[in-house]
Structures are given as structure tokens and as C-alpha cells.
Amino acid sequence: MGKKIMSVSDSVILKSMRDVFESEIEELERELGELYRKYSIRSSREMEEISFKDEEMERDFKRMLELEEELETLKKCLRDLKLKAP
């Protein structure tokens, strides 16, 4: 039988969590950037000002809002995590 991990230090857990958050943030920022470039805008607020929206634009706009919200949440979690890290 293999050895079992009896304990893991808090710093290892925090570092792993930080790495996961940073990786996810990077991925979301990449996807959001692609959507911004697609419409030559810098934020979803600019997208709101576009008067003509077809179904694709509407889907992309909703996705932008989701991504921006997820990014905000993940960045907040990462900030909190960094405050708790040694």
C-alpha cells in the first residue's frame, strides 16, 4: 500500500488556490478580450450603446456581462487570498 499524505501545510494550499485563480482569470480575460476585439470595444458598456444588435451580438453581450462578473468575483477572491497568505 502507498503512503498517505497526513497533512499539507496551509501555504501549499494557498499557493495552489492562488495558481488556480490566476489561471482562471487569465483564461476569462483572454475570452473577454476576444469578444471586445470582435466588436472593437473596450467594455460591455460600449456594447450597450450599439443600437443595432442581432442574435449573435446579443449572445456575445450577455457572455461579456457574465465574464466581467466572473472576473470581478475571482479577482476579489484572489485579493482576499493574498491577504491571508504568509
Side-chain angles (χ1 to χ4, degrees):
M1 228 179 190
K3 291 184 179 182
K4 292 184 179 180
I5 297 176
M6 299 306 284
S7 67
V8 177
S9 72
D10 289 344
S11 64
V12 171
I13 294 170
L14 291 173
K15 182 182 180 327
S16 295
M17 288 174 65
R18 187 184 72 227
D19 292 345
V20 169
F21 284 142
E22 288 173 346
S23 174
E24 186 66 20
I25 288 169
E26 190 176 294
E27 178 67 25
L28 293 174
E29 286 176 336
R30 184 192 56 73
E31 184 180 347
L32 188 58
E34 289 173 5
L35 287 171
Y36 288 165
R37 282 188 294 281
K38 181 177 180 180
Y39 297 101
S40 300
I41 58 173
R42 293 176 296 206
S43 72
S44 61
R45 288 189 177 154
E46 288 183 31
M47 185 76 157
E48 286 178 318
E49 296 172 5
I50 298 173
S51 57
F52 175 76
K53 292 182 186 166
D54 59 19
E55 287 183 34
E56 181 182 6
M57 288 178 78
E58 196 63 39
R59 272 193 315 272
D60 288 345
F61 175 66
K62 287 179 182 176
R63 183 66 181 147
M64 282 179 205
L65 293 176
E66 290 172 7
L67 290 169
E68 289 172 344
E69 186 176 323
E70 287 179 48
L71 274 169
E72 185 177 319
T73 301
L74 284 173
K75 286 179 178 181
K76 181 186 179 304
C77 289
L78 184 60
R79 280 191 304 274
D80 291 346
L81 184 66
K82 286 181 176 181
L83 288 175
K84 293 175 183 171

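Computed from a predicted model, the values in this text were never measured in an experiment. What's counted below: heavy atoms across the whole structure, side chains too, no hydrogens, waters or symmetry copies.
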Check your understanding: Under the side chain to side chain contact (heavy atoms under 4.5 Å, CB included) criterion, do L35 and M47 qualify, and how do the steps go?
Key -> CA-CA 10 Å; L35 287 171; M47 185 76 157; over 6 Å; no
**Study point:** Enclosure of E72 CD (heavy-atom neighbours >12, cutoff 6.0 Å)
**Key:** no
Practice item. Count the heavy atoms of every other residue, nucleotide or ligand shown that sit under 6.0 Å from CZ of R30, and state whether that count exceeds 12. Key: yes
Just how far is it from atom [atom1] of [X] to atom [atom2] of [Y], taken to the nearest 0.5 Å?
X: L71; Y: E26; atom1: CG; atom2: CD; result: 11.5 Å
X: K62; Y: R59; atom1: NZ; atom2: CZ; result: 10.0 Å
X: L67; Y: E27; atom1: CG; atom2: CD; result: 9.5 Å
X: K76; Y: F21; atom1: NZ; atom2: CZ; result: 10.5 Å
X: T73; Y: E24; atom1: OG1; atom2: CD; result: 11.5 Å
X: D60; Y: D54; atom1: CG; atom2: CG; result: 8.5 Å

Revision key, fill the gap. In short, Y36 meets R42 closest at the heavy-atom pair CE1-O, 3.3 Å
Review point. How close do M64 and Y39 get, heavy atom to heavy atom, and via which atoms?
Key: CE-CD1, 3.8 Å
Check your understanding: Is there side-chain contact between K38 and E56, with heavy atoms separated by less than 4.5 Å?
Key -> yes
Review point. Is a side-chain N or O of E68 found less than 3.5 angstrom from the main chain of S44, in a donor-acceptor match?
Key: yes
Check your understanding: Donor-acceptor pair, S23 side chain versus D19 backbone, under 3.5 Å?
Key -> no
**Study point:** Test: E66 and R63 ion pair at under 4.0 Å
**Key:** yes
Practice item. Could you tell me whether K75 and E29 make a salt bridge, using a distance below 4.0 angstrom between a side-chain N and a carboxylate O? Key: yes
Starting from [Y], can I reach [X] by hopping between I/L/V/M/F/W/Y residues whose side chains sit under 4.5 Å apart?
X: L78; Y: I13; answer: yes
X: I41; Y: M57; answer: yes
X: L32; Y: L65; answer: yes

